[in-house]
K.L.:
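Structure provided below as structure tokens; questions to follow.
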Amino acid sequence: MYNEMENDILKVLFSQEDIARRVAEMGTELAERFQGKKPLFLGVLKGCFVFMSDLVRACPIKSDLEFIAVSSYGNATSSSGRVQITHDVQQDITGRDLIIVEDILDSGNTLYYLLDVLKLRKAASIRICTLLDKPERRAKPIQADYTGFVVPDAFVVGYGLDYNQQYRNLPYIGVLKEEVYR
Ligand code: IMP
Ligand code: MG
């Protein structure tokens with residue numbers, strides 16, 4: 001069937017198969033690291049939703065999951081330093097081993113703020129697992145512990161990542177044509 005989103009994609013960076021392979025590897029690695037620890041996967045909405053669902057199914061250990069939603073005031077293609085929690089976790093995270101699940105680590109503003117908040121809640125450990133890392137744009141000293149793919153400084157969509165809330169349902173990750181957001 002004709003895909004009306006396809007016209008807006010400059011090029012595919014990671015195919016559905018590339019992503020599936022990498023997410024399977026990440027799930028296995030997390031399972032080895034967190035075996036017996038019952039970690040709490042903490043997904044950052046909304047971008048995490050596709051990655052998170054594949055990741056937890058690729059990680060065959062006892063665990064549970066929560067979601068947190070943050071809004072950051074910026075423009076459509078970049079975040080600012082001002083971040084606010086709009087949906088919070090539904091349980092006490094004291095003493096838990098957290099795995100933060102992000103779609104993309106860009107400036108680092110969002111996670112920098114989130115880590116600050118979560119540290120106050122006395123988790124036993126906090127690790128960052130991001131599908132994509134765009135290190136060229138980093139403004140805060142934040143590093144992921146687990147990274148799916150490193151991407152160049154371009155605006156990417158698909159597999160949960162959006163532009164203006166669209167393209168999250170593309171099964172692959174592609175670079176959005178500049179004319180779409182100019
Ligand atoms: P940061 O606070 O700049 O690290 O940005 C984190 C959030 O910005 C991500 O969770 C995404 O929602 C969004 N973001 C950053 N870069 C991109 C991109 O290339 N495509 C889609 N969303 C992005
Ligand atoms: Mg987003």
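Remember, it's a predicted structure, so these values are computed and weren't measured experimentally.
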K.L.:
Taking CD in Q165 as the centre, count heavy atoms belonging to other residues, nucleotides or ligands within less than 6.0 Å. Is the count above 12?
P.N.:
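Above 12, so yes.
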
K.L.:
Please check this pair: side chain of N3 against backbone of M5, looking for a donor-acceptor N/O pair closer than 3.5 Å.
P.N.:
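Indeed, once roles are kept as given, a pair shorter than 3.5 Å links the two residues.
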
K.L.:
Keeping S15 on the side-chain end and D18 on the backbone end, is there a donor-acceptor pair under 3.5 Å?
P.N.:
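Pair found, side chain donor or acceptor close to backbone of D18.
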
K.L.:
For Q90 and E66, which I'm curious about, is there any donor-acceptor pair between the side chains at under 3.5 Å?
P.N.:
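No, no side-chain donor-acceptor pair sits under 3.5 Å.
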
K.L.:
Kindly say whether T147 contributes a backbone atom to a donor-acceptor pair with the side chain of T130 at under 3.5 angstrom?
P.N.:
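A pair under 3.5 Å: no.
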
K.L.:
Checking side chain to side chain contact (heavy atoms under 4.5 Å, CB included) between Y167 and each of D162, D8, V156, which is the one that passes?
P.N.:
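Result for side chain to side chain contact (heavy atoms under 4.5 Å, CB included) with Y167: D8.
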
K.L.:
Please report the C-alpha distance between F14 and Y172 in whole Å, then the side-chain angles of each, then the deciding distance to 0.1 Å, and finally whether the ring pair (Phe, Tyr, Trp, His ring centres under 6.0 Å) criterion is met.
P.N.:
CA-CA 6 Å; F14 307 107; Y172 54 82; over 10 Å; no

K.L.:
Could you tell me if Q35 and K62 have a donor-acceptor pair between their side chains, going purely by distance under 3.5 Å?
P.N.:
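Result is no, nothing qualifies.
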
K.L.:
Count I, L, V, M, F, W, Y as connected when their side-chain heavy atoms are under 4.5 Å apart, and connections chain through other members. Are F41 and L131 then in the same cluster?
P.N.:
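Same hydrophobic cluster.
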
K.L.:
Let's go through R57 and D54 carefully: what are the C-alpha distance in whole Å and the side-chain angles of both, what is the deciding distance for salt bridge (Lys or Arg N to Asp or Glu O under 4.0 Å) to 0.1 Å, and is it a yes or a no?
P.N.:
CA-CA 5 Å; R57 284 178 293 173; D54 284 342; 2.9 Å; yes

K.L.:
Please check if any side-chain donor atom of Q91 sits under 3.5 Å from a side-chain acceptor atom of D64, or the reverse.
P.N.:
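Q91 vs D64: donor-acceptor pair found between side chains.
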
K.L.:
Could you point out which residue of I173, L132, T110 forms a side chain to side chain contact (heavy atoms under 4.5 Å, CB included) with I104?
P.N.:
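Going through the options one by one, the only one that passes is L132.
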
K.L.:
Does the D145 side chain pair with the main chain of I128, one donor and one acceptor, at a distance under 3.5 Å?
P.N.:
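Looks like yes, one N/O pair under 3.5 Å.
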
K.L.:
Short question: side chain of R138, backbone of I142 - any donor-acceptor pair under 3.5 Å?
P.N.:
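Yes, because the side chain of R138 sits within donor-acceptor range (under 3.5 Å) of the backbone of I142.
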
K.L.:
With the side chain counted from C-beta on, respond yes when Q16 and P171 share a heavy-atom pair under 4.5 Å apart, and no when they do not.
P.N.:
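A side-chain contact under 4.5 Å exists here.
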
K.L.:
Give a yes or no on whether a salt bridge exists between K140 and D106, defined as a side-chain N under 4.0 angstrom from a carboxylate O.
P.N.:
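No, this pair does not count.
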
K.L.:
Could you check if a side-chain atom of P141 sits within less than 4.5 angstrom of a side-chain atom of Y112, using non-hydrogen atoms only?
P.N.:
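Result yes, sub-4.5 Å side-chain heavy-atom pair found.
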
K.L.:
Heavy-atom count check: over 12 atoms from other residues, nucleotides or ligands less than 6.0 Å from K38 NZ?
P.N.:
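Atom NZ in K38 is not crowded, with 12 or fewer foreign heavy atoms closer than 6.0 Å.
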
K.L.:
Do Y113 and Q84 come close enough that some side-chain heavy atom pair is under 4.5 Å?
P.N.:
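Answer no - side chains too far apart.
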
K.L.:
Hey, is the main chain of F149 close enough, under 3.5 Å, to the side chain of R22 for a donor-acceptor pair?
P.N.:
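A pair under 3.5 Å: no.
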
K.L.:
Heavy atoms, side chains only, cut-off 4.5 Å: are L55 and C129 in contact?
P.N.:
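L55 vs C129: side chains touch.
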
K.L.:
Within the 4.5 Å heavy-atom criterion, are L115 and I100 side-chain neighbours or not?
P.N.:
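SC-SC contact between L115 and I100 confirmed.
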
K.L.:
Is the closest side-chain heavy-atom distance between T86 and I68 below 4.5 Å?
P.N.:
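The answer is no; the side chains never approach within 4.5 Å.
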
K.L.:
Taking the side chain from K122 and the backbone from G95, do they hold a donor-acceptor pair closer than 3.5 Å?
P.N.:
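Not a single qualifying donor-acceptor pair exists.
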
K.L.:
Does a side chain donor of either Y146 or R33 reach within less than 3.5 Å of an acceptor in the other side chain?
P.N.:
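Their side chains do contain a donor-acceptor pair, which is all the 3.5 Å distance test asks for.
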
